[in-house]
Number of protein chains: 2
Amino acid sequence: MVERAEISTAKDAADHELILAFGRLQGAANRLEYLLGRAIEQECGISHLMFEVLLILGRAGGQGLSMGAISQEQVLTTGGATRLVDRMEAAGLVERTGDPGDRRSRLVRLTPLGEQTAVRAARVHAENIERYFLEPLPAGDRKRFMEDLRILSHTARDRLPRLR
Amino acid sequence: MVERAEISTAKDAADHELILAFGRLQGAANRLEYLLGRAIEQECGISHLMFEVLLILGRAGGQGLSMGAISQEQVLTTGGATRLVDRMEAAGLVERTGDPGDRRSRLVRLTPLGEQTAVRAARVHAENIERYFLEPLPAGDRKRFMEDLRILSHTARDRLPRLR
DNA sequence: TAACAGAATCTGACTTGTCAGGTAATCCTG
DNA sequence: CAGGATTACCTGACAAGTCAGATTCTGTTA
């Protein structure tokens, strides 16, 4: 009846194995994210989150996106988005203009510098992904693995509650 | 020669696809981590990183681990480890004692409360992993997928430089 | 054994996120 | 159309990391 004894049941042993395997996944994901984020920071002078926002804005094009749309695409609260865009604006990567249709809202749009940076950072990022993520995988597994990830990422995304 | 034109090459299109696919992976990993971390916080009253450290210490057993060993197992600098263990000590989950063999070093060890919390949190965590991570995957794919992850996590781990 | 390089940890200053609570504009609804 | 609910964004207070440098101890070596 000592607490220690609990961890020796069969169920707990299976749990432990699951946690270990999943921990390796999380560890790998974190380390990869760290590595890729570092590369972008050093080679392009922008943070990982700034890079994400540059990509989002590049994909959106045209008028730009509202602050709310940006924070919803990221794992960021609205307050966090405000501060991130503040820094990006100070760095000359984006500009904020009022939305003519809704004076509460503000549209965020890439500057020419922001576009150049986005293109260059995307290239660097893709190279690093190939190098660190795909290369170590057995060649025959890559395609199937990417497909699994696609499925998984969608189901996970749909299940997870959004931030405010 | 306009910068915009660069993004329309075939290579850049492939890069873009790779970045998108990988972004989904990162997004899923982050959202899962967020979700699982939240569950642990709410149900067990400890942060995600505290949980990791509890598991590490539980696995180590015996004398406990030095601060350096803890920071190396985590994606944490030594300064960050100091502050995390400070909070865990204040919460009564661990205790720090001097290492008799090296007076610079300090050994961190689970308290009885820390052990109980580790066991309980591990159970909650395993349940949540199954619910959010494995369940959405097609049943036949789970085993193979876990194996891929195992391989990948090892290669990624080996390639990534350690923090200080 | 004195001196110095290196290791283990801690600390001050800072960064960048969260959270809760503003403020201004918009949308309903009687 | 007045007035309350809601929406969009921002801000002050705080949390929890990073980083560089200080402190204390160890081990080697001249």
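None of the values given here were measured: they were computed from a predicted structure. Per chain, numbering begins at 1; letters A, B, ... match sequence-line order.
Mapping A:R87 and A:G101 onto DNA chain C by nearest heavy atom places A:R87 at the nucleotide closer to the 5' end.
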Report summary line: Once base and sugar-phosphate atoms are separated, protein heavy atoms under 4.0 Å mark nucleotides 2-11 of chain D, 5' to 3', with B, S and - as -----BSSBB

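For the pair B:R103 and D:dT24, the criterion of a side-chain N or O lying under 4.0 Å from OP1 or OP2 is not met.
The two residues A:T78 and A:S71 have their closest heavy-atom pair at CG2-OG, 3.8 Å.
Of the possible polar contacts, none joining the B:S66 side chain to the B:L107 backbone as a donor-acceptor pair under 3.5 Å is found.
Using a 4.5 Å heavy-atom threshold, the side chains of A:V108 and A:M67 count as touching. The closest side-chain heavy-atom distance from B:D99 to B:Q63 is not below 4.5 Å.
Atom CD of B:E52 is separated from atom P of D:dA16 by 16 Å (rounded to the nearest Å). Rounding to whole angstrom units, NE2 of residue A:H48 and C1' of D:dT18 are separated by 17 Å. Atom pair A:Y34:OH and C:dT16:P shows a separation of 15 Å (rounding to whole Å applied). Atom CG of B:L76 is separated from atom C1' of D:dA16 by 10 Å (rounded to the nearest Å). Counting to the nearest Å, the P atom of C:dT15 and the CG atom of A:L49 are 17 Å from each other. Distance CZ (A:F51) to P (C:dT16): 18 Å, rounded to an integer number of Å. If you measure from atom CG of B:D99 to atom C1' of D:dC25, you get 12 Å, rounded to the nearest angstrom.
Listed by first and then second residue, the salt bridge (Lys or Arg N to Asp or Glu O under 4.0 Å) pairs involving residues 84-97 of chain B are B:D86-B:R96, B:E89-B:R96, B:E95-B:R109 (not counting sequence neighbours).
Listed by chain and residue number, A:E43, A:N128 satisfy the side-chain contact (heavy atoms from CB on, under 4.5 Å) test with A:A39 (two or more places apart in sequence, or in another chain).
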